[in-house]
Amino acid sequence: MVNVQTVAQDTLWIGGSDRRLALFENLFPLPDGVSYNSYAILDEKTAILDTADIAISDQYLENLAEVLKGRKLDYLILNHMEPDHCSQIQTVAALYPELTLVGNAKTFTMLGQFFPETAGIPRIVVKEGQTLSLGTHELTFVMAPMVHWPEVMFTFDSSTGVLFSADAFGTFGAIDAGIFMDGYDFEKQFLTQARRYYANIVGKYGVQVQSVLKKAANLPIKVICPLHGPIWRENLEVFIDKYRKWSTLTPEDDGIVVIYGSLYGHTASAAEAVAAKIAEKSGKKVRVYDVSKTHSSKLVAEVWRVGKVVIMSPTYNNGIYLPIDALLHDLAALDVKNRTFAVAQNGTWAPVSGKLIVEKLSALKNCTVLPGMLTIKSALHASDAEAVDTFAQMVAEA
Ligand code: FEO
């Protein structure tokens with residue numbers, strides 16, 4: 001069934017949602033699905049911006065045919081070449097053989113790698129600031145390299161103030177009945193998913209995000225159309241401010257997160273006691289996570305949210321408990337910075353995980369690892385109360 005919605009003058013949303021996919025990029029859990037947004041502009045010339053994931057191809061092609069109503073498709077603008085947006089290029093080109101592809105030099109390098117069969121399709125190679133007129137709609141191309149792929153660009157429609165922002169300002173989560181974020185409660189329904197999406201997908205490239213935010217600040221943007229999740233047409237500054245914080249690794253609030261690994265529950269029990277003591281001494285909200293139960297993408301997002309993180313790990317195979325080690329790998333790979341960490345270790349005969357964790361955390365840029373490590377020998381006991389108190393005080397005061 002066709003599902004097309006109006007974004008702005010002559011501008012339509014023609015995407016769709018997938019609630020079946022379990023893992024985005026075969027990696028990130030999607031408890032609430034994901035949307036793949038594509039847009040059409042119907043002017044003297046017709047254009048679409050990106051295509052969609054193959055999972056929604058039937059819906060997508062139906063929507064596209066509906067909006068064109070028999071007109072030819074003049075341009076397919078490729079803001080992003082990741083397959084969740086480019087998978088329909090060949091199909092669209094076969095259905096609308098008069099189209100011209102629009103992208104930058106890097107776009108077409110990737111196009112040739114993914115789809116060498118497209119070599120014969122006419123193309124326009126655009127550069128920063130270049131424009132394309134569709135009639136009354138004039139499009140300007142804004143390069144956004146490494147947000148989060150090298151070929152990414154934004155397209156700005158000066159006649160409507162619509163910014164087509166590729167993956168930027170996107171979020172996990174299917175779109176329900178409405179395509180606009182002002183139809184939802186952003187804080188309750190999308191903020192957590194948007195943060196998890198940003199931190200894990202784009203988070204490594206904060207410098208590049210800041211660079212494109214500066215360029216976008218010069219544009220009279222009225223609407224932001226991302227490739228995933230609802231469209232922003234009101235209170236844009238709310239989400240832009242989140243992007244400023246996320247891209248500079250500025251904590252959003254003064255909460256504290258405790259992440260522990262535990263084989264048999266002893267480190268878990270210690271984590272609960274430590275968290276309670278930190279909450280008591282700091283007066284801050286403290287969240288506790290079992291690294292084996294909570295997906296690393298959620299833990300990464302929580303590290304993005306807060307300024308202070310406590311990591312508690314058993315010693316395992318004379319090293320770090322593997323799920324904690326995997327999380328540390330993620331934090332390093334995503335270039336986490338500007339955080340304060342405290343470390344607790346457990347070991348029944350030779351606790352070493354703490355020292356190894358400190359080494360890894362110390363390698364993160366502009367991060368502080370508090371000096372007072374808490375060491376647990378198998379389990380916390382009443383005799384450890386003073387050590388727990390001192391550790392919690394250190395975290396509260398940091
Ligand atoms: Fe939604 Fe980078 O693809």
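Numbers for residues simply follow the sequence, beginning at 1. Remember, it's 1-based here, ligands and their atoms both numbered in the order they're listed.
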**Report entry** Distance-minimising heavy-atom pair for A168 and V147
**Finding:** CB-CG1, 4.1 Å
Query - Carboxylate-amine/guanidinium proximity below 4.0 Å for E98 and R71 - result: no
Query raised in the report: Using 4.0 Å as the upper bound for N to carboxylate O, is an ion pair formed by K242 and E252?
Result: yes
Report task. Check whether any side-chain heavy atom of V306 sits under 4.5 Å from a side-chain heavy atom of D253, and report yes or no. Result -> yes
Query - is_close_aromatic(Y197, W246), centroid dist under 6.0 Å - result: no
Report summary line: Nearer than 2.8 Å to atom 2 (Fe) of ligand 1, the protein contributes N, O or S atoms numbering 4
Query raised in the report: Which class fits the ring pair Y36 and H85: parallel under 30°, tilted 30 to 60°, perpendicular over 60°?
Result: perpendicular
